[in-house]
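From a predicted model like this one, the values you see are computed outputs, not experimental measurements. Note that the numbering runs from 1 along the sequence shown for the chain.
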Amino acid sequence: MEEHLRRFRYSTELNSTELLLIHFKKLVSDIYSDKQAMEGQTWNLSVAHISEIPANTFKGLTSLKTLDLSNNQLVMLSPSFFDDLKFNNITLYLHNNRWDCKCSNRGLLTLLKKHKNIKLGSAPAICHTPYPLKGKRIDQECDRDECMEENDCDDMARCENTYEGYKCSCAARGFKGTGTECTDIDECADKSTSQCSKIGGKCINTLGSYKCECKTGYTGDGKLCKDVDECMSIDCGMDGECTNTLGSFTCDCDPGYVANKSNICVDIDECEMKTHTCDAIANSYCVNVKTILPSDTGYTCECQSGFRKVGKSCIHEGSTGELIKILAMIIGGFLGILFLIIIVALVYRKTRSSEPEEEEEEEEKTEESPVVVAPVVGMPPPVDFAYLEMPQNDQGQQEEEWGEDDEEDTE
């Protein structure tokens, strides 16, 4: 008997219904070695470690009246099992198994109610799942799994089956709401929840989540972005210089130049951009020229055909009246300037001539003021040191020495 059960347990591990049926029937035939026993009214398959009964196992066994399947590992009995026994008035012993009592068209309670010819034995068969029905009889109650049917749960919610009902809850991450209505959480709106780089990174919200990318001008995985130095590969041309900035760059062009779509500094065409003043000169047109110095205008005004340039005007060639008019304006302007210079000179001269008169007045005032003369003090008579109280001999001797000195000097 144990050897037969071992073989059957091995057969249930095979993924073939046909092999399972063969081994199951072999198990039964080994248990009931004679044909009479096989066709008997009672089959005892208790404690046979059976977890599944193949279809057509009991088909044709019309004399079967009692079937004991207790103390096994059965979870569900298929509709074909009941169909095989529909001609029998049979008693089933199903206790001590792991019955699933979900309500459905293929559920135990539904099949037992449908097949009135099948009765359960005295020992009650108890539900093992779902949890709310654990301990309940399989022939009295079942649980309808509303989560497997159409329900009010949002597509982004989880449905949890409960006894005689169900519960909806939004996905734990990325959604919020009541369960019957769930809305996506914008993780990018709250910078504290996003792990994207603060410099050069951007957050892109997705359904139930988000992703990080680097902005243009940066490189990285979005969570860490580094600035790209575009000036390493971009040349703004001979008339400009590339300056790298965070996430971008600029072409600093020389005066009179501007960067085009290819980031090359080119000469500004003032004639095309209408930034010239040639329209104020009659019979002239604008000619763009290259800017060399910062003071250059970048354009020049040329006279139309049949006109010639006189000063800042274009006059008709051979038009004496226009020429005289232009010359008169030029001469008049020159004379006006000369007149202003003369006036300025006269005023300056008058201002300078008034200064000596002021100086003479100051001198007269100085002469009229009293002069203080200091008193003259008499000087003492000169002292003749030669005739002071000196011995006469010494005096005569000195005179002789002085005389000798005079003679030596004369010689």
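Remark: SG of Cys286 is not found under 2.5 Å from SG of Cys301. The SG atoms of Cys188 and Cys203 sit under 2.5 Å apart. Cysteines Cys265 and Cys236 are not disulfide-linked, with SG atoms at least 2.5 angstrom from each other. Between Cys196 and Cys212, the sulfur-to-sulfur (SG-SG) separation falls under 2.5 Å. The SG atoms of Cys214 and Cys225 lie less than 2.5 Å from each other. Under the 2.5 Å SG-SG cutoff, Cys153 and Cys159 do not qualify as a close cysteine pair.
Classification of the Phe307-His316 ring pair by plane angle, with boundaries at 30° and 60°, yields perpendicular.
Remark: Ile199 CD1 is loosely packed, at most 12 non-hydrogen atoms of other residues, nucleotides or ligands lying under 6.0 Å away. Leu224 CG: 12 or fewer foreign heavy atoms inside a 6.0 Å radius. Surrounding NZ of Lys290 are at most 12 heavy atoms belonging to other residues, nucleotides or ligands under 6.0 Å away.
For Tyr210 (side chain) and Gln195 (main-chain N/O), a donor-acceptor pair under 3.5 Å exists by modelled atom type. Counting only distance, with no hydrogens or angles, the side chain of Asp296 and the backbone of Leu293 share a donor-acceptor pair below 3.5 Å. The main-chain N or O of Leu94 is found under 3.5 Å from a side-chain atom of Asn97 such that the two form a donor-acceptor pair. Between the side chain of Asn117 and the backbone N or O of Leu85 there is at least one donor-acceptor pair closer than 3.5 Å. No side-chain donor-acceptor contact under 3.5 Å links Ser262 to the backbone of Ile264. Looking only at distances, no side-chain donor or acceptor of Asp100 sits under 3.5 Å from a matching main-chain atom of His128.
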Stepwise side-chain contact (heavy atoms from CB on, under 4.5 Å) check, Cys127 with Lys134: CA-CA 5 Å; Cys127 298; Lys134 193 170 185 177; 5.9 Å; no
Give the C-alpha distance, both sets of side-chain angles, the deciding distance and a yes or no for side chain to side chain donor-acceptor pair (under 3.5 Å) between Thr243 and Asp252. CA-CA 7 Å; Thr243 301; Asp252 299 326; 2.7 Å; yes
Evaluate the side-chain contact (heavy atoms from CB on, under 4.5 Å) criterion for residues Phe175 and Asp184: first the C-alpha distance (whole Å), next the side-chain angles of each, then the deciding distance (0.1 Å), finally the verdict. CA-CA 5 Å; Phe175 295 91; Asp184 174 56; 4.3 Å; yes
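Counting only residues at least two apart or on different chains, no salt bridge (Lys or Arg N to Asp or Glu O under 4.0 Å) pair has a member in residues 218-244.
Phe82 approaches Leu112 most closely through the heavy-atom pair CE2-CD2, 3.8 Å. Across all non-hydrogen atoms, the minimal contact from Asn72 to Ala48 is OD1-N, 2.9 Å. Summarising the geometry of Leu64 relative to Asn88, their closest heavy-atom pair is O-ND2, 3.0 Å, with the distance given to 0.1 Å. Residues Cys170 and Thr178 come closest through the heavy atom pair SG-N, 4.1 Å. The minimum heavy-atom distance between Tyr218 and Gly247, with the atom names listed, is CE1-CA, 3.3 Å. Listed here is the closest heavy atom pair of Tyr257 and Asp267: CD2-N, 3.3 Å.
The distance from the CG atom of Leu340 to the CG atom of Leu335 is 11.0 Å, given to the nearest 0.5 Å. Note that SG of Cys182 is 9.0 Å distant from CG of Asp155, once rounded to the nearest 0.5 Å. In this structure, OG on Ser284 lies 7.0 Å from CD on Gln304, to the nearest 0.5 angstrom. With rounding to the nearest 0.5 Å, the separation of CD1 in Ile337 from CD1 in Ile342 is 12.5 Å. Atom CD of Glu213 is separated from atom OG1 of Thr216 by 9.5 Å, given to the nearest 0.5 angstrom.
Applying the side chain to side chain contact (heavy atoms under 4.5 Å, CB included) test between Asn288 and each of Glu270, His276, Glu272 identifies Glu270 as the sole match. Evaluated for a side chain to side chain contact (heavy atoms under 4.5 Å, CB included) with Ile138, the options Leu77, Leu120, Leu109 yield exactly one hit, Leu120.
A side-chain N or O of Ser46 and one of Asn71 form a donor-acceptor pair less than 3.5 Å apart. For Asp68 and Ser70, the side-chain atoms include at least one donor-acceptor pair closer than 3.5 Å.
The side chain to side chain contact (heavy atoms under 4.5 Å, CB included) check on Gln73 picks up His49, Ser51, with sequence neighbours excluded.
Side chains of Leu67 and Tyr93 form no contact here, defined as non-hydrogen atoms less than 4.5 Å apart.
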